[in-house]
Amino acid sequence: TYLWTVSYNGDMLNQASASGCGAESVTIDPATPTITTQASAGVVIGGTISDTATLAGGDNPTGMVTFSVFGPNDNTGCDTTPAFTSMNAVSGGKATSDSFLPTAPGTYKFVAMYGGDANNAVASTTCGDPGESVVVSPASPTLTTTASAPVVVGGTISDSATLSGAFNPTGMITFSLFGPGDPNCDRPAIFSSTDAVVGGGADSGTFTPGAPG
């Protein structure tokens with residue numbers, strides 16, 4: 001709020017006169033910038049995501065933008081604890097969040113809030129705004145296997161599996177053994193082994209064949 005005081009110094013025919021402080025006032029409101037945002041493109045789990053905010057209509061805005069990420073698959077209107085937050089400075093009317101590494105696939109939602117400065121009011125996006133959702137897809141690992149070397153009847157055989165392109169894989173791998181005389185694996189397996197994934201792969205149990213083939 002700005003206050004005017006006015007004084008008249010008078011002349012030969014008129015006495016001086018003055019208004020008191022506060023007789024006139026003018027309120028100057030802060031600028032009200034708008035904030036638009038664009039989240040990064042979708043990624044496969046293991047990739048990072050981020051968000052960029054642009055301020056328009058303000059008075060050379062400075063200050064900070066706080067980015068919050070909700071998800072995966074947030075259905076609460078982004079009123080839970082965010083999975084990630086990042087506070088970043090405004091420069092040239094823009095701010096970009098730090099990168100976030102999701103730990104699970106799904107849809108993540110960004111919300112950006114500009115905290116304002118001396119000349120600019122706060123501004124914020126809302127949960128689910130266009131351009132503020134990023135889909136993180138599950139990894140699609142490939143499975144390669146290496147069977148043990150040939151043996152003489154009475155020896156044991158086994159198999160080893162390796163996952164490539166996986167993201168922190170856990171779970172189980174099931175090995176099934178067929179034969180001899182079953183080239184298409186049409187008959188019931190003569191042996192199976194379900195083993196935990198450790199370090200990106202698994203080793204089957206061992207089997208002792210009772211016949212050559």
Side-chain angles (χ1 to χ4, degrees), residues 37-52 67-86 96-112 127-213:
T37 47
Q38 182 60 59
S40 55
V43 296
V44 174
I45 190 75
T48 59
I49 61 176
S50 61
D51 197 20
T52 298
F67 298 89
S68 300
V69 182
F70 297 87
N73 306 322
D74 179 272
N75 296 314
T76 64
C78 304
D79 57 3
T80 58
T81 301
F84 173 76
T85 60
S86 171
T96 299
S97 74
D98 295 340
S99 295
F100 170 60
L101 177 65
T103 58
T107 300
Y108 290 77
K109 298 175 183 178
F110 280 93
V111 174
C127 185
D129 277 357
E132 283 291 83
S133 296
V134 181
V135 176
V136 178
S137 303
S140 300
T142 57
L143 185 66
T144 56
T145 53
T146 302
S148 56
V151 296
V152 175
V153 169
T156 59
I157 61 175
S158 62
D159 199 15
S160 294
T162 301
L163 291 165
S164 300
F167 179 75
N168 298 332
T170 58
M172 310 294 287
I173 292 177
T174 298
F175 300 86
S176 299
L177 179 65
F178 300 85
D182 188 9
N184 296 317
C185 306
D186 294 327
R187 303 172 190 170
I190 61 174
F191 172 77
S192 65
S193 172
T194 300
D195 303 273
V197 174
V198 177
D203 295 320
S204 75
T206 58
F207 174 71
T208 302

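Residue indices begin at 1 and follow the sequence shown. Side-chain atoms are counted along with the backbone in the values below, which use heavy atoms only and exclude waters and symmetry mates.
When all heavy atoms of Gly213 and Pro180 are compared, the closest pair comes out as CA-CB, 3.6 Å. Contact between Ala83 and Gly71 at its shortest, heavy atoms only, is CB-O, 3.9 Å. Closest heavy-atom contact between Thr76 and Asp79: O-OD1, 2.8 Å.
Residue pairs meeting the ring pair (Phe, Tyr, Trp, His ring centres under 6.0 Å) criterion with at least one member in residues 175-209, sequence neighbours excluded, are Phe191-Phe207. Here side-chain hydrogen bond (donor to acceptor under 3.5 Å, both in side chains) pairs that include residues 183-192, with residues two or more places apart or in two chains, number zero. Note on residues 136-156: no pairs pass ring pair (Phe, Tyr, Trp, His ring centres under 6.0 Å), not counting sequence neighbours.
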Using a 3.5 Å cut-off and no angle test, enumerate the donor-acceptor pairs between side-chain atoms of residues 136-143 and protein atoms at least two apart in sequence or in another chain.
none

Pairs under 3.5 angstrom only: tabulate donor-acceptor contacts from the side chains of residues 156-173 to other protein residues two or more places apart or in another chain.
from: Asp159; atom 1: OD1; to: Ala147; atom 2: N; distance (Å): 3.2
from: Ser160; atom 1: OG; to: Asp203; atom 2: OD1; distance (Å): 2.7

Under 3.5 Å, which donor-acceptor pairs do the side chains of residues 99-110 form with other protein atoms, sequence neighbours left out?
from: Tyr108; atom 1: OH; to: Ala104; atom 2: O; distance (Å): 2.6
from: Lys109; atom 1: NZ; to: Asp74; atom 2: O; distance (Å): 3.1

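Inter-residue side-chain proximity for Ser68 and Thr85 is flagged as met; some heavy-atom pair is nearer than 4.5 Å.
Legend: residues meeting side chain to side chain donor-acceptor pair (under 3.5 Å) with Thr208, ordered by chain and number and at least two apart, are absent. Scanning for side-chain contact (heavy atoms from CB on, under 4.5 Å) contacts around Thr37 gives Ile35, Asp51, Ala53, Ala112, Thr125, Glu132, with sequence neighbours left out. Residues passing the side chain to side chain donor-acceptor pair (under 3.5 Å) test with Ser40, sequence neighbours excluded: none. Every residue two or more places apart in sequence or in another chain that forms a side chain to side chain donor-acceptor pair (under 3.5 Å) with Asp98 is listed here: Ser86, Asn88. Residues forming a side chain to side chain donor-acceptor pair (under 3.5 Å) with Ser148 (at least two apart in sequence, or on another chain): none. Taking Cys127 as the reference, Cys78 meet the disulfide (SG to SG under 2.5 Å) condition, with sequence neighbours excluded.
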